[in-house]
Amino acid sequence: METCDPAAPRASLTPHLTIRDAACAIRFYEEAFGGREIESMRSPDGRVLRAELELGGATLTLAEDFPAWGSASVQSYGGSPVSFRLVVADVDAALARALAAGALLLRPIEDQPWGERSVFVADPFGFRWNLAAPTEELTRTEVRRRMAQMLHGVG
């Protein structure tokens, strides 16, 4: 096993969203999910070329769609297979805030057999979000047992 040099560059993965009306999306992510805009670069006409937000302790970047540059939004494709999972402290409060900001409820809040309470919403830009909060700490064995019971009615 190699040792880790703290001065060496670290790999990271940052979701980058291409969005129609990115300025509106920034406001939505701030209101709905408690995001905070760190910085943005805009064109002379005000379009977002690149914005960076802090969201749930992670970084999310986004930009306006520019089809001429080969950068298209979800609407150009008729939807997205990508969804996001955001761990929150209180799912009920997070859902209320997301709905007030314009999110659409996809699935109601449920307590899940893997030890969390979660809900699915869609943002106005075509992405699905799973808002989740841990409710109990479980072993993998217990999660498997509960899943089998849920799926097959066995214990």
Minimal non-hydrogen separation, R128 against P81, with atom names: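 In this case the closest contact between R128 and P81 is NH2-O, 3.3 Å.
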Just by distance, do the side chain of [X] and the backbone of [Y] share a donor-acceptor pair under 3.5 Å?
{"X": "E64", "Y": "A22", "answer": "yes"}
{"X": "R36", "Y": "E54", "answer": "no"}
{"X": "N130", "Y": "V119", "answer": "yes"}
{"X": "D123", "Y": "G126", "answer": "yes"}
{"X": "R47", "Y": "D65", "answer": "yes"}

Establish, for the pair R85 and F120, whether the NZ or CZ atom is under 6.0 angstrom from the six-membered ring centre and no further than 45 degrees off its axis.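 Pair R85/F120 does not count as cation-pi.
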Whether E52 and R50 form a salt bridge (side-chain N of Lys/Arg under 4.0 Å from carboxylate O of Asp/Glu) is what I want to check.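 Judged by the 4.0 Å cut-off on N to carboxylate O distance, R50 and E52 do form a salt bridge.
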Sub-4.5 Å side-chain heavy-atom contact between W114 and M147: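 Touching, per the 4.5 Å side-chain cut-off.
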State, with a plain yes or no, whether a side-chain heavy atom of L104 is found less than 4.5 Å away from one of V121.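 Not touching, per the 4.5 Å side-chain cut-off.
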Please enumerate all residues that pass ring-ring contact (aromatic ring centres under 6.0 Å, His included) together with F28, with sequence neighbours excluded.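 Testing F28 for ring-ring contact (aromatic ring centres under 6.0 Å, His included), a comparison that skips the adjacent residues, returns F33, F125.
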Taking atom types as modelled, find out whether R107 and S118 have a side-chain donor-acceptor pair closer than 3.5 angstrom.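 No donor-acceptor contact under 3.5 Å links the two side chains.
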